[in-house]
Every structure is written in structure tokens, then in C-alpha cells.
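Data first, discussion second: the structure below is written as C-alpha cells.
The chains referred to below are lettered A, B, ... by the order of the sequence lines, with proteins before strands, and numbering in each begins at 1.
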There are 2 protein chains.
Amino acid sequence: MEALAQVAGLLADSTRAAICGALLDGRAWTARELAAHAGVAASTASEHLTRLVEGGLLVEHRQGRHRYVALAGPHVAELLEAMAAFAGPRVPPRGLRAAAVSEAMARGRTCYDHLAGRLGVALKVGLVAAGVLRTGTAGVGNGDLATADLAASDLTITEPGMVWLKELGFEPGNRRLTRPCLDWTERVPHLAGAAGAFLCEVFLDRGWIRRIGTSRAVLLTPEGEQAWKDLGLT
Amino acid sequence: MEALAQVAGLLADSTRAAICGALLDGRAWTARELAAHAGVAASTASEHLTRLVEGGLLVEHRQGRHRYVALAGPHVAELLEAMAAFAGPRVPPRGLRAAAVSEAMARGRTCYDHLAGRLGVALKVGLVAAGVLRTGTAGVGNGDLATADLAASDLTITEPGMVWLKELGFEPGNRRLTRPCLDWTERVPHLAGAAGAFLCEVFLDRGWIRRIGTSRAVLLTPEGEQAWKDLGLT
DNA sequence: TGGACGGTTCGGCGCCGGCCGAAGCGTCCC
DNA sequence: GGGACGCTTCGGCCGGCGCCGAACCGTCCA
């Protein structure tokens with residue numbers, strides 16, 4: 001448990017947590033960007049980054065006078081998601097600008113390497129309806145749909161679904177295919193794992209979604225809406 | 001991310017982490033027991049317990065002059081497991097007595113409400129072989145069995161498997177049926193979730209396993225070995 | 001009605017860790 | 001070469017937190 005306390009200690013500081021939260025977009029940030037984002041001096045951020053890298057949460061990549069850092073991998077993102085989900089639903093932010101940003105994030109965003117927000121949830125629901133995914137709460141349940149939906153977090157890919165994915169260019173690797181990721185804003189699981197990352201990549205590569213500015217928020221483009229229909233999603 | 005830092009802060013202290021680790025056996029402990037286990041004064045433990053309860057990690061149950069505390073639920077156990085698994089494999093303990101305890105734990109133990117250790121892994125493997133469980137890394141893979149096995153962490157219950165479980169008395173509820181839980185000692189996923197908890201209960205109720213002293217370590221009884229065969233496991 | 005016992009509250013101590021600014025180092029670009 | 005820039009190192013400050021023992025409160029038992 002000593003080791004657990006150590007990694008928890010890395011995340012126990014609000015500045016370091018803010019840094020990790022920013023990196024959840026899956027991209028590499030420079031030390032200065034993160035310092036500004038967290039609202040601390042560059043020297044302070046530098047020390048935090050060193051600790052996070054030494055702790056194995058982040059990897060760094062030095063390029064000229066820049067120090068880029070990123071999450072060390074999907075396992076770190078999963079850990080952060082698990083903790084954030086546990087920390088529970090947050091109160092909605094106040095203020096016009098904050099609300100606008102929050103609304104864009106709630107509509108659709110990237111969550112490390114896959115899609116989240118209402119867009120992410122819609123994608124999962126569409127894939128289930130199209131028979132690509134199957135949610136695995138096989139039990140008869142007790143009729144309580146609200147809680148049953150929350151618990152319905154076993155996602156598996158059907159055989160036709162795998163064919164569909166491979167036609168899009170998907171190649172299964174060692175990484176776990178599907179993983180439910182509890183959505184912060186929607187409180188509903190959406191699709192993560194190798195398949196989720198692949199679909200997010202496809203959507204970005206083909207211009208079906210576009211990042212809003214440099215934030216994690218994304219927007220479904222008109223081409224994306226068309227493709228959505230072409231793929232047989234609702 | 002502020003909330004994440006807060007819950008991380010609860011686990012960032014080695015004494016509190018030790019307390020949570022002890023409670024991972026799924027039972028309720030008194031404040032005094034936990035103080036002794038963590039090696040701190042009763043007053044110190046009392047304050048820690050208050051903080052953990054207020055933070056939602058623990059629930060308490062006052063009975064006479066005793067204060068029993070336990071993990072607030074499976075979701076807390078899952079969080080702890082995720083963090084412990086992330087923290088990585090530990091060096092083997094030194095010393096005869098420590099090694100003996102460690103060996104018993106590695107052989108078989110409870111992990112909150114399900115079975116872990118070699119026994120837990122054997123159970124999972126047996127269930128897969130018997131067709132009750134299916135591991136879902138559906139891809140053709142790349143032939144790398146070692147890593148493929150680690151990634152093969154999608155566990156689903158087959159239709160015949162569900163019939164088999166129901167014959168044992170299993171009733172599906174809202175809780176997620178299966179969940180892979182990365183084993184600390186074996187570094188291989190085993191069966192958690194509602195089905196894992198149910199099987200652990202069955203094994204304990206029917207005397208197929210027995211706790212060693214008051215620790216989390218468990219032993220397969222002769223009746224258990226017989227039942228193991230009767231159930232068609234290997 | 002005592003005494004033993006589990007738990008809690010409170011003061012006080014000491015340390016650890018986060019923060020900053022200043023100074024220094026390496027890189028890039030004019 | 002010189003200046004701008006990104007980053008790091010180093011002191012020093014300060015607050016917070018974990019720890020303990022002593023005193024206290026309730027419960028249980030003889």
C-alpha cells in the first residue's frame with residue numbers, strides 16, 4: 001500500500017492534478033503551456049513535471065529548448081478517468097464564458113484517445129443500435145432502467161461489428177478492444193479501448209469531427225453528419 | 001480535477017493507505033484494530049477514519065463503544081485495485097515469516113468480495129475452459145501470447161455459463177456481471193464483478209475454501225477440491 | 001458504583017512540500 | 001555575436017498536515 005500512497009501523492013496536489021487533466025486530451029504540452037494552464041510560475045511547473053515523469057505518470061520529449069510532456073499511456077488515462085469518475089459529478093460552472101466552454105465540452109470532446117461527451121455517448125448508442133456493439137448486462141434485471149443503464153457497462157464487439165471495423169481499416173492489437181469509460185458530463189459509459197481510439201482517429205482523419213480551437217472540445221462537421229448516416233448510425 | 005486531487009489526497013498518506021488496504025478484505029474493522037495494523041496511536045487513527053468517512057471512501061457503523069468501518073462499496077475496492085495495480089509489482093518480502101504469509105496470500109486470498117491469487121486465476125482459467133466464461137480479445141492478434149494474455153481482459157459470461165451460474169443460485173442484479181481485476185501477485189486478470197463476488201460467496205458458504213486465521217489468505221479445502229471436479233473445472 | 005476499555009478532542013510539535021523570484025544555462029534566430 | 005526565449009536550479013518563506021500524549025466521554029462489566 002506504500003506504493004499506492006506514493007502515486008496518490010502525485011495526484012493529490014491540485015496543480016499536478018490540473019496538469020494531468022490538461023494532458024488528458026492525449027496531446028503533448030510544453031512546460032510553459034502547462035504552467036499557464038495551472039496558474040503557477042514556470043519554475044513551479046518544472047518541478048511538478050519532473051516529479052510526474054519520475055513517478056511514471058508522464059513521459060517527456062525534449063526538442064530544442066522545449067520540453068514536451070504527455071501522459072505515459074492509456075493506462076494512465078484510465079487511472080485518471082477512474083479517479084475522476086469516482087470523485088463524482090461536479091456542480092455546473094458559473095459565468096457566461098465558462099458555461100459556453102463547458103457546453104461545448106459537454107457536446108463532444110476527446111477523452112485521451114477516444115470520443116466522449118454527448119457525441120461519444122451517441123456514438124456508443126448508435127453502434128449498439130447498428131449491431132456493432134453489444135452491451136452485456138445479460139441478466140433479466142429488475143426493470144429499473146435508469147440504474148440498469150448505468151450498470152450496463154460490459155461492451156463487446158459482435159462478429160459483424162468486427163467485420164465492419166476492419167472494413168474501416170481497424171487492426172486488432174494487444175490492447176483491450178473495448179472498455180467502458182464513465183462520462184464525466186453524461187454519467188453514462190461510452191466507448192474507450194482500442195476500438196474507441198480507432199474510431200476517434202478515423203473521425204479526425206476523415207474530417208468528420210474538428211477540434212474547437214485548441215481545446216478538447218470537438219464539433220461534428222457536415223461531412224461527419226453525412227458519414228454518420230452512411231455508416232448506418234442513427 | 002480539483003475533486004480528483006481531493007480523493008487522491010485521502011490516499012496519499014501511507015497510514016490511510018494502509019487502513020484502506022486492510023479493509024480490502026471486505027470486512028469491517030474496529031478503529032483500534034486499524035490503529036494497531038497501521039502502527040499509529042488510536043487518536044491518530046481516529047482522525048484518519050473521520051476523514052476517510054467524510055470523503056466517502058469508508059462507511060462506519062457504531063455499535064456500543066465500538067466504531068466499525070468498512071469500504072463504502074465495490075466501487076471503492078475497484079478504485080483501490082486500479083491504483084494498486086498501477087503502482088506496479090512489488091519486490092518480494094524478506095524474512096521467513098513474512099515470506100510464509102506472502103506465500104499463503106499468493107496461493108489464494110479474497111480481494112474485497114471475490115477470489116484472487118493463484119486460486120483466483122485458476123478459477124478464471126477453469127471457467128474459461130469449461131465454457132462458462134469467454135475472454136474477449138476477439139482479434140487475430142500478432143502471435144505474442146504473453147502480452148496477448150495480459151490484454152485478454154474482456155470477460156463475458158456465455159449463455160450456458162449463465163444457466164450454470166443460476167443453477168448455483170446466482171441472481172443478476174444491477175451490478176456489472178464481470179470485471180477483470182488485475183492480480184497483484186500473478187499480474188494476470190481474474191474474475192471480479194457480481195459473478196466473481198457470487199462465486200466467492202458460494203465457495204465460502206459451502207466450505208470449499210476457508211480463511212487462514214483472520215487474514216485475507218484462503219485455503220482450498222478437500223471438499224473444495226472435490227467440488228472443483230464436480231463442477232467440471234480442471 | 002467503581003474500574004476497565006474503546007473512542008474522541010485538543011494543544012502542541014516538527015517536518016514536509018508547494019510556491020515564488022532571482023540567477024544561470026542552453027537553444028534559437030536575427 | 002547578441003538578444004530573446006524556454007527551462008532549470010537554488011534559497012527562502014510559509015502553511016498545512018501527521019503525529020503524539022493527556023484529558024475527557026460513553027459503554028460495558030463486575
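In this structure, R32(A) atom CZ and dA4(D) atom C1' are separated by 11 Å, rounded to whole Å. The distance from atom CG of L34(B) to atom P of dG7(C) is 9 Å, rounded to the nearest whole Å.
As judged by a 4.0 angstrom heavy-atom cut-off over every strand, T30(A) is placed among residues touching the sugar-phosphate backbone only. When heavy atoms are screened at a 4.0 angstrom cut-off, T15(B) is found touching the sugar-phosphate backbone but no base atom.
For dG18(D), the OP1/OP2 oxygens have a side-chain nitrogen or oxygen of R51(B) closer than 4.0 Å. At dC20(D), one or more side-chain N or O atoms of T44(B) fall inside 4.0 Å of OP1 or OP2 (strictly under the cut-off). Applying the 4.0 Å criterion to OP1 and OP2 of dG26(C), one finds that R67(A) has every side-chain N and O outside that range. Put simply, R16(B) has a side-chain N or O that comes within less than 4.0 Å of OP1 or OP2 on dG18(D). Proximity of H66(A) to the phosphate of dG26(C): no side-chain N or O atom is located under 4.0 Å from OP1 or OP2. S46(A) has a side-chain polar atom (N or O) that falls below the 4.0 Å cut-off from OP1 or OP2 of dT8(D).
With respect to the salt-bridge test (charged N to carboxylate O, under 4.0 angstrom), the residues E33(B) and R27(B) do not qualify.
The listed nucleotides are dG6(D), dG21(C), dT8(C); the one nearest the side chain of A42(B) is dT8(C).
Sparse packing is recorded around CD of E171(A), with 12 or fewer heavy atoms of other residues, nucleotides or ligands lying under 6.0 Å away.
Both A45(A) and E47(B) lie close to DNA chain D; mapped to their nearest nucleotides by heavy-atom distance, the more 5′-ward contact belongs to A45(A).
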